[in-house]
Amino acid sequence: MEGLFKGITGQPGMAFVIVTHLSPERESLLHEVVGRYTQLPVVVVEDGTTVLSDHVYVMPQNVVLTIERGVLHLRPSNVLSRERKPIDIFFSALAEDQGEYAVGVILSGGDSDGTLGAKAIKERGGLTVAQAPDGYGPRNPDMPKSAISSGLIDIAAPAEEIGAKLEGFARSFDMLNGVAGGGEHETAELGRLRDEIYGILQGQSGHDFSGYKTKTFLRRIKRRMQIGQLDSIEEYVEWLKKDPREVANLFRDLLINVTDFFRDPDAFKLLEEKVVPQLFEGKTASDAVRIWVPGCATGEEVFSIGMLLREHMETLPVVPRVQIFATDIDEPALAVARAARYPAALLQGVSPERRQRFFSSDGESHVLANEVRELCVFSPHSVVRDPPFSRMDMVSCRNLLIYFGSDIQNRVIPIFHYALKPGGYLFLGTSESVGQHDNLFATVDKKQRIFQAREHASPHIRLPMLIGDGRSGAFLPEGTGPNKRTASYPLRQAVEAQVLERFAPPHVVVNGDGDVVYYSARTGRYLEAPQGIPSRQVLTLARSGLRLDLRAALREAATTRRTVVRENVVVDEDDEQAQSIKLTVEPLAERGKGERLYLVLFEPTGPVQPRSDVRGENRDGEGAADLERELRETRERLQSTIEEYETALEELKSSNEELVSVNEEAQSTNEELEASKEEMQSLNEELNTINSELTSKIEELDRANSDLRNLFESTQIATIFLDRNLVVRTFTPAASSFFSLRPSDVGRPLTELSSQLDYPELKQHIDAVFETGETLNHHLARDNRGRFYMVRINPYRDKDNRIQGVVVTLVDVTTLAETEEQNRVLISELNHRVKNMLAVVASIANRTRENSESKEEFAEALIGRLHAMSRAYGLLSKERWKEASINELLHQELEAFSIDRFELDGAEVKLSPQQGLSLSMAIHELATNAAKYGALSKPEGRVVLKWSGEGDVFTLAWRERHGPPVRKPEVSGFGLSLLQGEIGYRLGGNVETTFNRNGLEVQITFPMLRKETP
């Protein structure tokens, strides 16, 4: 909807009605949603809403929407049947109401709803549009895909482009008013352009459309111009000349291949019950039933007839050959018919029994069975241009003649009579008729347009497609001379025909309706053409005096099927003359399944005399006898009428008794229906209650599923649910990285999937869980990414506590494993540090004792050195024994000796714990000695410390200034020995000591990356 309305700007001059598939129980908020996408007023439809231009109307829930005379109507949705095709229903009503102004737009949606509605709009000349796939949609392509595949869609475009095309289509109605459907407004220029289009079509397709109805032809041109958004017919003619594809599109639009299975069910029901059995009557296995279906389009009508024939053939002991010749000028439509593959939406007219009997499902389509397809032969053929078929038992041409002009119709209907056997059937559409050619066809059923070919056609009927517009010697009109008419006859037939013509009494042959089907010579004395429209009705043609007796004789002969003779019938002639004749009406012998015919003979019994003399002779000579005869005949007719009346009265009484019985049965049935209705209401209430409970359960289940889905997506724990056959039931997204799982893998055994885990014991462990019913935990070794995982396998139990599967969970325990490993290292290091510290303390105590002269001196020196160690350990503990900062270490050790007397120069360097501890002890000894004997013993003394950590070597220089003169001692003291031991032995470094007169200089170097000495 957003894409559609984005393409509509301002006021497009159209009204939009939105019909969707809505749940009946839930309130629709579609009008609020659509209101965000358009500036047009959005209205929720109410019953009786008048459609206004530039408005959007939204169908509410739980209703069926229709339109009549521009007013929208609502009716409640049938709760029991639940109409599943609301779009088809509205499209069909829209097509009937708006005709060529109707537009059906089919957007994203499920099922094939809309396809049949598009068919109705197409048939009425409207525009059909469907959403074409692009990078963003449609999300549910079934509806537009079904419509496009049916070939009924004029425009297929992405949703964002449909709005602009609709606006152009609406504007085209104002621009194309000049393209009228004939009449006075059709100028000579328009006629010339129309003839030019006829020529272009004939040049490319080979078919002449000049006999097409002018209004229909121009309406189709106008529609093509609207689709192409052209302003004038001149531009369209130029387009046709440049683009052969548009010529093909116009050709297809003119053909209007809109047909259905069993279209007009009542007509096909009559065909099944009355006509089809007649087609097979008297046929043997060596005979054939031949049917022609011109204008077959995509074959639905052909296969409908084929199914009726196949069903009747199954009831026959002897089956004749059946041939159905289906023809059309549209080759693509014939290709569809030959494939006999149709989408489900086009099978609406096929009953469920026939659908199951004759169709097989193949994907999204249904394919007709071979037993029907093998009866049908499809061929390209023009009913106007090509020679017709012959010896047909039936011709079915439905909804083709309505597109032909009167001239073409007058040519085609005699062609059908020529193609049919005598007594063959013609099956037309509900809007078609044989017109003025009722002399060729007898009516079998007027409402359903079923006719039967008469045996005797008029001798003036010509077949235009066989002889063109000129005359052919094979079809000469009557009166060209006896020699030409009898030249090809054998001598005996010529003699008999001439004797019969000269000596036989005048006669005519009529059918049961009194229509003359054959005249003999010399009937003018007894029959004359009446004033007005020409007629073949013999009672209308009969002269005065003959009409009453002829009517009575015909009725009696038709009723009794016996010869009826009327004597002394006076026939009036011109000039006050009259003649007495003998009138004979004799039924002709049965001629198969043809209609019944009667021979009417006019035999003169006296000369032509003045009317008064003839009537006087009859009155004088046999007046009394005639009166007695007439009286006797009147009595006989009266007695027959009385008997018929009594018979009808008896039948009426019997019918009345049957009606009383039927009424009683109906009352009984009504009472049963009332009881059933009450039971149904009770059952409906129960169903509503159950439905409400199910709805609440479904909502709870939806919430639970949503919670579970969100839990699966949010958790980082890989979990797989397996049944007893190790088939994957479901899994969390995190599990896909371990077993290469995709949503389509649900239902596959886990053993068929590739695994990223080094866990060959998985199958054995799962079997162990099935055996014991206990949870099993297993730690996996570190993988190639350095991660540790713990696998937990739990039994999956149902509500009866039976094990129906297992749940495999993989938990990332890398942090826990690393923490445990680090704790082990720290404990080992702590043990090592404590041992080293105790060893250092013991060494310091021993050396201090050896160099101390008193207990006080021993205690002071020992405590100071232990404090230095404590400060270093405090710094290292602060840094969690990872690394020590040289700046912090120096400040801690030198703070006790007045830090302002030291000049510190060096970059920030991080030392390992062992290096920091040893360097701290060395600095403490240097500072203590400087305070006792060196620069710090004088107020003006200073100490300069410089260090660097370039490369892999750490260097520190200690220089004392302005202190007392120093010299190298004869025996090294404990401080220097400790310095050498800490730096040299523990760190693998070097200590250079220089005793300058200006002060002591010490340079310490050691490798920074060397591992600690244990």
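No hydrogens, no waters, no symmetry mates; every other heavy atom, side chains included, goes into these values. Bear in mind the structure is a predicted one, so any value in this text is a computation, not a measurement.
The side chain to side chain contact (heavy atoms under 4.5 Å, CB included) search around Ala267 returns Asp264, Arg398, Phe427, Gln448, not counting sequence neighbours. Residues that satisfy the ring pair (Phe, Tyr, Trp, His ring centres under 6.0 Å) test with Phe378, not counting sequence neighbours, are Phe303. Under the rule for a salt bridge (charged side-chain N to carboxylate O under 4.0 Å, His left out), the partners of Glu272 that lie at least two apart in sequence or sit in another chain are Arg354. Remark: Lys269 engages Glu273 in a salt bridge (charged side-chain N to carboxylate O under 4.0 Å, His left out) (not counting sequence neighbours). Take Glu96 and apply the salt bridge (charged side-chain N to carboxylate O under 4.0 Å, His left out) test, not counting sequence neighbours, and it matches no residue. Among residues two or more places apart in sequence or in another chain, the side chain to side chain contact (heavy atoms under 4.5 Å, CB included) test is passed with Asp287 by Lys283, Thr284. Listed by chain and number, the residues in a ring pair (Phe, Tyr, Trp, His ring centres under 6.0 Å) with Phe262 are Phe268 (sequence neighbours excluded). Under the side chain to side chain contact (heavy atoms under 4.5 Å, CB included) criterion, Ile148 pairs with Ala130, Ile153, Ala156, sequence neighbours left out. In this structure, the side chain to side chain donor-acceptor pair (under 3.5 Å) partners of Thr327, at least two apart in sequence or on a different chain, are Trp292. Applying the ring pair (Phe, Tyr, Trp, His ring centres under 6.0 Å) criterion to His73, with sequence neighbours excluded, gives no partner residue. Contacts of Val319 classified as side chain to side chain contact (heavy atoms under 4.5 Å, CB included), with partners at least two apart in sequence or in another chain: Met313, Leu316. The ring pair (Phe, Tyr, Trp, His ring centres under 6.0 Å) test applied to Phe91 returns no partner, not counting sequence neighbours.
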Assess whether salt bridge (Lys or Arg N to Asp or Glu O under 4.0 Å) is satisfied between Lys122 and Asp154, documenting all intermediate values. CA-CA 9 Å; Lys122 180 91 169 179; Asp154 295 312; 2.8 Å; yes
Between His381 and Phe325, does the ring-ring contact (aromatic ring centres under 6.0 Å, His included) criterion hold? Intermediate values first, please. CA-CA 10 Å; His381 177 276; Phe325 301 94; over 10 Å; no
Give the C-alpha distance, both sets of side-chain angles, the deciding distance and a yes or no for side chain to side chain contact (heavy atoms under 4.5 Å, CB included) between Phe90 and Val64. CA-CA 8 Å; Phe90 181 75; Val64 175; over 6 Å; no
Leu127 and Ile121: side chain to side chain contact (heavy atoms under 4.5 Å, CB included), yes or no, with the steps? CA-CA 7 Å; Leu127 180 70; Ile121 292 175; 5.9 Å; no
Applying side chain to side chain contact (heavy atoms under 4.5 Å, CB included), run through Glu301 and Phe261 and close with a yes or a no. CA-CA 6 Å; Glu301 177 188 340; Phe261 283 98; over 6 Å; no
Could you walk me through whether Gln537 and Asp515 pass the side chain to side chain contact (heavy atoms under 4.5 Å, CB included) check? CA-CA 4 Å; Gln537 176 58 241; Asp515 293 331; 3.3 Å; yes
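Side-chain N or O atoms of His312 include none that pairs as donor or acceptor with a backbone N or O of Phe280 at under 3.5 Å. Looking at Asn511, its side chain does come within 3.5 Å of a backbone N or O of Gly514 through a donor-acceptor pair. A donor-acceptor distance shorter than 3.5 angstrom exists from the side chain of Asp386 to the backbone of Ser382, with no hydrogens or angles considered. In terms of modelled atom types and a separation under 3.5 Å, the side chain of Asp88 and the main chain of Gly117 share a donor-acceptor contact. A donor-acceptor contact shorter than 3.5 Å links the side chain of Asp97 to the backbone of Arg69. Looking only at distances, a side-chain donor or acceptor of Arg355 sits under 3.5 Å from a matching main-chain atom of Leu347. Not a single donor-acceptor pair under 3.5 Å links the side chain of Gln452 to the backbone N or O of Val444. Proximity of a side-chain donor or acceptor of Glu432 to a complementary backbone N or O of Gly429 within less than 3.5 Å is detected. Remark: the backbone N or O of Pro422 is not paired with any side-chain donor or acceptor of Arg454 at under 3.5 angstrom.
Between Val293 and Ile291, some side-chain heavy-atom pair lies under the 4.5 Å cut-off. Contact check for Tyr425 versus Leu420: no side-chain heavy atoms found under the 4.5 Å cut-off. Counting heavy atoms from C-beta on, the side chains of Phe451 and Asp445 never come closer than 4.5 Å. Side-chain contact between Leu440 and Val434 is absent, with no heavy-atom pair separated by less than 4.5 Å. The side-chain heavy atoms of Glu300 and Thr298, taken from C-beta on, include a pair separated by under 4.5 Å. Two residues are said to be in side-chain contact when any heavy atoms from C-beta on lie closer than 4.5 Å; Val51 and Leu72 meet this criterion. Under the 4.5 Å side-chain criterion, counting only non-hydrogen atoms from C-beta, Lys165 is not in contact with Val129. Contact of the His366 side chain with the Val350 side chain is not registered, since no non-hydrogen atoms from C-beta on lie closer than 4.5 Å.
In this structure, Gln356 CD and Ser361 OG are separated by 12.5 Å, a value rounded to the nearest 0.5 Å. Atoms CG and CG, from Leu279 and Asp393 in turn, are 6.0 Å apart once rounded to the nearest 0.5 Å. In this structure, the separation between CZ on Arg290 and CZ on Arg321 is 8.5 Å, given to the nearest 0.5 Å. How far OG of Ser304 is from CG of Leu309: 11.0 Å, rounded to the nearest 0.5 Å. Interatomic distance, Ser379 OG to Leu334 CG, rounded to the nearest 0.5 Å: 7.5 Å. Within the model, atoms CZ of Arg449 and NZ of Lys447 stand 10.5 Å from one another, a figure rounded to the nearest 0.5 Å.
Heavy-atom minimum distance, Ile87 versus Gly114: CG2-CA, 3.8 Å. When all heavy atoms of Ile106 and Ala118 are compared, the pair lying nearest together is CD1-CB, 4.3 Å. The two residues Pro294 and Cys397 make their nearest non-hydrogen contact at CG-CB, 3.8 Å. Annotation for Leu541 and Ser535: closest pair CD2-O, 3.8 Å, computed over non-hydrogen atoms. Between Val367 and Arg373, the closest heavy-atom pair is CG1-NH1, 3.7 Å. Heavy atoms only, all atoms of each residue included: Val302 and Cys376 are closest at CG1-SG, 3.7 Å.
At a cut-off of 3.5 Å, with distance as the only test, no side-chain donor of Thr66 or Glu68 sits close to an acceptor on the other residue.
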